[in-house]
Number of protein chains: 2
Amino acid sequence: MDRPATLHGEILTRLRDHLVEGGVPDGARIPEKDLCELFGISRTPLREALKVLAAEGLVELLPNRGARMKALSVRDISELFDLMGGLEALAGRLACENITDAEVSAIEALHTEMYGHYLRGNRHGYFACNQQIHEHILMAAQNQALAANAHAVMGRIRRVRFAANLDDRGERWSAAVREHELILDALRRRAGAELATILFNHLRSKKLAVLRNIEAGEAPEPRQKQVTVT
Amino acid sequence: MDRPATLHGEILTRLRDHLVEGGVPDGARIPEKDLCELFGISRTPLREALKVLAAEGLVELLPNRGARMKALSVRDISELFDLMGGLEALAGRLACENITDAEVSAIEALHTEMYGHYLRGNRHGYFACNQQIHEHILMAAQNQALAANAHAVMGRIRRVRFAANLDDRGERWSAAVREHELILDALRRRAGAELATILFNHLRSKKLAVLRNIEAGEAPEPRQKQVTVT
DNA sequence: TGAACGCAAAGTGAATGCAAAATGACCCTT
DNA sequence: AAGGGTCATTTTGCATTCACTTTGCGTTCA
């Protein structure tokens with residue numbers, strides 16, 4: 001939330017954003033020297049930030065061979081989506097214990113707005129509303145440890161998810177809208193256990209859609225294009 | 001799993017163990033100089049390890065004021081137990097999809113052994129079997145990302161859990177045995193959603209027991225005893 | 001001609017040095 | 001005597017430096 005006044009703390013945030021936003025292609029080497037020049041700092045705070053990002057699973061740190069952008073295998077993606085499903089399931093379960101009627105109404109409003117975007121085919125608006133709904137549920141769970149964990153996992157799959165959603169076709173869209181209606185229904189009834197299962201299956205559906213897109217569209221070898229110049 | 005041949009990697013593991021095993025009391029300052037002498041290294045790799053441990057939530061890193069052992073508030077403990085419950089629930093859900101009959105049998109055997117320890121009043125053996133059962137379910141889930149996450153959360157609450165279990169009375173013990181029977185039953189039937197709820201509630205029970213012990217036994221101010229000499 | 005050896009350059013891992021901030025003690029003022 | 005302020009010491013943050021590993025290329029020998 002509040003970034004410390006230390007250099008390595010600021011670098012950690014900036015570097016994480018830089019990597020998540022797609023500044024480096026999958027599996028590419030990340031020379032310390034380049035990043036030092038990019039941020040205008042010495043290697044010490046940069047290396048500290050890299051260690052943390054490696055612990056978060058965003059980069060891979062091979063001994064004496066430096067940092068590489070963690071290339072997610074199909075297996076990794078599958079695991080991360082299931083993990084995210086478990087965390088969202090937990091968020092839903094806890095939300096049912098704590099959420100107020102006003103917060104449920106806020107989510108209902110978001111759902112309505114999202115449905116409008118769906119009808120108008122506004123992909124960006126739909127995606128933003130979708131994310132906000134899940135964020136609201138996460139907040140309603142009133143659990144900082146869970147929120148931090150969920151955000152960390154989300155960061156690891158964001159680039160994959162973003163790429164997959166762009167290729168997504170309509171049939172998955174309509175299914176997602178139906179699933180969201182189930183979510184809202186369970187939330188209104190404060191049916192925690194039920195909502196947990198719905199949310200897990202919701203992420204399971206997303207996972208399957210993403211995996212289909214990957215196996216269909218992307219070649220087995222990691223493609224090298226879209227190398228943004230730093 | 002495999003520790004790298006690097007110094008900071010080894011220090012990270014050793015320092016984490018040192019902290020988790022209770023080498024430092026809650027809220028105490030952790031001067032870098034002392035740790036350097038303890039491990040016989042310079043400050044650079046030590047600081048890198050500290051950054052990672054701060055990201056894991058084990059220590060607190062205040063700018064220009066060094067590292068402190070993270071003192072868990074009652075709220076923190078509550079949140080972490082719920083988070084652990086969500087992760088175990090996910091593990092159970094996934095385990096039901098993947099587990100073999102042989103693995104179920106192995107867990108049944110552990111449960112039987114644990115029941116024996118319960119009857120004989122062998123606290124240590126009971127605790128070990130209990131942990132092994134949950135570890136088996138976690139393995140059966142076949143999800144490395146989940147396992148790593150669960151172990152990280154477990155590390156954060158281990159000291160609290162250990163201290164609380166020592167003060168635990170019999171009535172909670174017998175309840176735990178009954179809950180384990182429910183877990184096994186759901187696992188045999190591969191009832192994933194049901195098992196998830198059971199496991200979440202199982203951790204919820206543990207949480208409540210721990211919180212009762214804390215509010216009953218421990219004074220509002222953090223007690224300073226049990227300072228192990230390094 | 002191809003493969004193996006060796007050397008040089010680059011990059012990483014860890015230690016040291018230096019500046020700034022914080023802690024604590026002592027002194028001064030009231 | 002109590003409170004506040006100043007200075008010295010300690011500790012942290014970051015840069016720099018040194019040492020070792022890896023790697024790419026050229027040479028040599030089969």
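FYI, side chains are in, hydrogens and waters are out, and symmetry mates aren't considered; it's all heavy atoms of this structure. In what follows, every chain begins at residue 1, and chains take the letters A, B, ... in the order their sequences are listed. In this text, all values refer to a predicted model and were calculated from it rather than measured experimentally.
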Full working for side chain to side chain donor-acceptor pair (under 3.5 Å) between A:H8 and B:E48: CA-CA 11 Å; A:H8 65 260; B:E48 292 174 350; over 6 Å; no
Closest to the side chain of B:P31, out of D:dA15, D:dT22, D:dT12, is D:dT12
Between atom CG in B:L50 and atom P in D:dT12, what is the gap in whole Å? 9 Å
Rounded to whole Å, the CD1-P distance (B:I30 to D:dT11) equals 14 Å
In whole angstroms, the gap separating P of D:dG13 from CG of A:L46 amounts to 17 Å
Of all nucleotides in DNA chain C with an atom under 4.0 Å from a non-hydrogen atom of chain A, which is the first and which the last going 5' to 3'? C:dG11 to C:dG13
Mind running side-chain contact (heavy atoms from CB on, under 4.5 Å) on B:D34 and B:L38 for me, showing each step along the way? CA-CA 6 Å; B:D34 296 8; B:L38 175 61; over 6 Å; no
Kindly check if the number of other-residue, nucleotide or ligand heavy atoms within 6.0 Å of CZ (B:R65) is above 12? no
Would the B:H202 and B:H180 ring centres measure less than 6.0 Å apart? yes
Roughly, in whole Å, what's the span from CZ in A:R43 to P in D:dA19? 15 Å
Rounded distance in Å - CD (A:E10) to P (D:dG13): 15 Å
Round to the nearest Å and state the distance from B:D34 atom CG to D:dT12 atom C1'. 14 Å
Whole-Å distance between D:dA15 P and A:E32 CD? 14 Å
Do you see a donor-acceptor pair shorter than 3.5 Å between the side chains of A:H136 and A:E103? no
Taking every heavy atom of B:A71 against every heavy atom of B:D76, the minimum-distance pair comes out as O-OD2, 4.1 Å
If you compare every side-chain N and O of B:R29 against the phosphate oxygens of D:dT12 (OP1, OP2), does one of them come in below 4.0 Å? yes
Report the residue (A:H8 or B:K33) whose heavy-atom-nearest nucleotide on DNA chain D is the more 5′ of the two. B:K33
Integer-rounded Å distance: D:dT12 C1' and B:R65 CZ: 12 Å
